[in-house]
Amino acid sequence: MSNSLAGRLDDVAGDAGYHDHPPRMGFFTDTSICIGCKACEVACKEWNQVPEDGISLSGMSYDNSLMLGADTWRHVAFVEKTVPTEPAITGVDQAADGLQWLMASDVCKHCTHAACLDVCPTGSLFRTEFGTVVVQEDICNGCGYCVPACPYGVIDQREDDGRVFKCTLCYDRLSVGEEPACAKACPTDSIQFGELSELRQRAEHRVAELHDKGVDVARLYGQDPDDGVGGDGAFFLLLDDAEVYGLPPDPVVTTRDLPAMWRHVGMAALGLVGAGIAAFIGRPR
Amino acid sequence: MREQPLVPEPEFASYYGRPILKPPVWKQPDVPMYLFLGGLAGASALLAEGAAMSGRPALERVARIGAASGAAFGTVALVHDLGRPERFLNMLRVIKLTSPLSVGSWVLAPFSGLATAALASNLTGRLPVLGRLAGLGAGALGPALATYTAALITNTAVPAWHEAFQEMPWIFAGSGASAAGGLGMLGAPVDQAGPARRLAVIGAALELGGSELAIRRLGMLAEPYREGKPGMLMKTARALTAGSAAVALLGGRSRVLSGLAGAGLLVSSAITRFGIFGAGVASAKDPKYTVVPQRERLRRREAVGAAQG
Ligand code: SF4
């Protein structure tokens, strides 16, 4: 069980009780080079044998899988933006009719302080030696607490099955030294897998490079170890505000406030005892 | 009802208007019912001990029934809500202070056992000493059972729940007390129901006061508690709680009025839980409640950062 609830935490696996452990592994998803091919979605489904999640058109550009969920562990978002028709000022590919696509492959963030893991009452959700967050399906009893706890709306319950499912960062593949299926399948290296510390450096360089090229809108999302979840194990380079991609702009792990919550619960419980006593002292009848 | 000033809808960006959060998958009526039953059971156990100590056997009997049956039906509701009910014992595999559901399971399990034992002894007259000890144990755990559920729902990313974490335990404590008091008024003769009446009135005041404070403090996140079906439930519950408490205060010495007021308080306590539950779900489903407050938070942080250079 994790000892710290919020704030900066450099050794997340160590905090979870691993003494000898590999470095923290993660994803850096550089959405500026995503081409929206959905190879990641397909590779993920194939490798992890994730059931079909609806073969239908959503009307939301080329997005057909809508959002992350129990049966969608990688989700490619397609944002259609109207932009001025002058030659590319952004350095990003533009269609001639003034339409720009923002494409981004979303995934579980493998938070440093993972609310899903904190609130899990059975210990089914656990921290791996790689610092990732995984559900043990043989223990999950389908209480569903992790679902509204996740500040990113990632994890969800499979209705016919009752249990919850999400990205495991291909725990099985990592254990044998393989990279996750989505990263392997990504043809443009938009999804990069590696040691988190190394990925963070690489991402800083990439943003600086884009800024130099005049792509001022480039920004990192989830890389800051001082943010509300202590930084994401899977972070992103975005070309617009987070909410445009369906991501929360300033997520905070709910358990950061849990000590205060327990304090208020304790006071209210004592208050209830007081009310009980007051009810019996008052007048005799 | 006060007139609400018309605020223009805030502008915010989203991904095709889709929710960012996953709304709770907890089922209705199971979970709101559990919130109600936990409050009723916990506060009833307390009332039962007071009744036993002050020599009010009829009130004690009713309260013991409320404690034991509330816990039993609550457990059924909780287990029924699980995606894999046959694995409900996995709740007791570990104890995790970071999970209110884990802590709550460890409160509910012994509470149920003790409250049931106390009731059995009370009904049969057997093992009176052990029965009273069991009752004392249930009475000690009762306040925790009635209030931990506030941490259960506020320890989520659900905006209308999470941001109300200061008031929610008081609202739940009050709602539990008014339900337990209400049951006592309904089931015990008026000459023994005095403490039930007072507990109910104090509880109603706590519940109404706590809700009012929360609604004032929450700003935009108070909307889900005012609008739509949850808003209607909250409004109904408020009126019924206030009305029943007034009847209890003024006419509580009439058997008929006491019973009516008690029933009203029981029902309004349940409606409150459904209203709060629904408001949370609504706030998770609308990206507005995720994006706007978070943007505002970022903006303020940046302003502070800029001011500090
Ligand atoms: S993004 Fe959600 S599901 Fe993934 S680790 Fe964080 S809290 Fe858990």
Side-chain angles (χ1 to χ4, degrees), chain A residues 1-2 5 60 66-67 77 79 115 118-123 139-145 147-153 155-157 161-163 241 243-251 254-255 257-258 260-262 264-265 267-273 275-276 278-280 282-285, chain B residues 12-16 18-26 43 46-47 50 54 82-84 87-88 90-91 93-94 96 98-99 101-102 105 143-144 146-148 150-151 154-158 162 165-166 169-170 172-173 176-177 191 194-195 198-199 202-203 284 287 290-291 294-295 297-298:
Chain A
M1 198 194 300
S2 174
L5 293 175
M60 291 155 39
L66 300 174
M67 57 184 167
V79 179
D118 285 344
V119 305
C120 174
T122 63
I139 293 172
C140 176
N141 70 2
C143 77
Y145 200 173
V147 177
C150 171
Y152 299 95
I155 195 164
D156 205 0
Q157 195 171 38
D161 179 290
R163 295 172 298 174
D241 286 338
E243 56 268 37
V244 171
Y245 298 89
L247 296 164
D250 185 33
T254 174
T255 32
D257 297 324
L258 189 58
M261 289 173 187
W262 283 134
H264 284 278
V265 165
M267 286 189 298
L270 286 179
L272 187 52
V273 175
F280 281 92
R283 281 156 295 149
R285 276 282 100 95
Chain B
F12 71 101
S14 74
Y15 184 63
Y16 299 95
R18 296 195 58 87
I20 288 180
L21 302 170
K22 291 274 182 298
V25 288
W26 292 329
L46 207 58
L47 188 61
S54 64
L82 296 178
R84 289 289 175 102
R87 290 186 182 173
F88 78 99
N90 281 7
M91 292 287 190
R93 231 183 119 246
V94 287
K96 278 173 78 176
T98 60
S99 171
L101 188 51
S102 167
S105 302
T147 50
Y148 95 84
T154 56
N155 189 36
T156 58
V158 174
H162 184 98
F165 75 78
Q166 301 177 18
W170 293 98
F172 278 20
D191 63 337
R198 284 191 286 275
L199 183 66
I202 299 173
T290 308
V291 174
Q294 292 192 14
R295 268 284 153 219
R297 191 159 69 203
L298 274 176

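For the numbers below, each heavy atom of this structure counts, side chains included, while hydrogens, waters and symmetry mates do not. Throughout, a chain's letter reflects where its sequence line sits, starting with A, and its residues are numbered from 1.
- With chain A as partner, the option from B:Ala150, B:Ser102, B:Gly83, B:Pro23 having the largest number of non-hydrogen pairs under 4.5 angstrom is B:Gly83.
- Counting heavy-atom pairs closer than 4.5 Å to chain A, the top residue among B:Leu46, B:Thr154, B:Ile202 is B:Thr154.
- Shown here for B:Pro24 and B:Ala284, the closest heavy-atom pair between the two residues is CD-CB, 4.3 Å.
- Ranked by heavy-atom pairs under 4.5 Å with chain B, the list A:Met261, A:Gln157, A:Met67, A:Met267 is led by A:Met261.
- Interface remark: of the candidates A:Gly144, A:Cys150, A:Pro248, A:Gly123, A:Pro248 forms the most heavy-atom pairs closer than 4.5 Å to chain B.
- Here A:Asp241 pairs with A:Arg219, B:Arg295 under the salt bridge (Lys or Arg N to Asp or Glu O under 4.0 Å) rule; sequence neighbours left out.
- Counting all heavy atoms, side chain and backbone alike, A:Val244 lies closest to B:Tyr15 at O-CD1, 3.4 Å.
- Heavy-atom distances place no part of B:Phe172 under 4.5 Å from chain A, backbone and side chain included.
- When A:Tyr245, A:Trp262, A:Tyr152 are compared by the number of non-hydrogen pairs under 4.5 Å with chain B, A:Trp262 comes out ahead.
- Heavy-atom distances place no part of A:Leu270 under 4.5 Å from chain B, backbone and side chain included.
- Here the shortest heavy-atom pairing between A:Ala278 and B:Arg198 reads O-NE, 4.4 Å.
- Of all non-hydrogen atoms in B:Ile20 and A:Gly246, the two that sit nearest each other are CG1-O, 3.7 Å.
- Put simply, of A:Pro151, A:Gly271, A:Ala115, the one with the most heavy-atom pairs under 4.5 Å next to chain B is A:Pro151.
- For B:Phe165, the parts sitting under 4.5 Å from any heavy atom of chain A are the backbone and the side chain alike.
- The choice from A:Ala275, A:Ala268, A:Gly162 that makes the most heavy-atom pairs within less than 4.5 Å of chain B is A:Ala268.
- Residue with the most contacts toward chain A among B:Pro19, B:Pro287, B:Ala151: B:Ala151 (heavy-atom pairs, distance under 4.5 Å).
- Remark: A:Asp250 pairs with B:Arg297, B:Arg301 by the salt bridge (Lys or Arg N to Asp or Glu O under 4.0 Å) rule, at least two apart or across chains.
- Between B:Lys22 and A:Ile155 the shortest heavy-atom distance is CG-O, 3.8 Å.
- Taking A:Ala149, A:Gly276, A:Ala260 one by one and counting their heavy-atom pairs under 4.5 Å with chain B, the maximum is reached by A:Ala149.
- A:Tyr145 has its ring centre less than 6.0 Å from the ring centre of B:Trp26.
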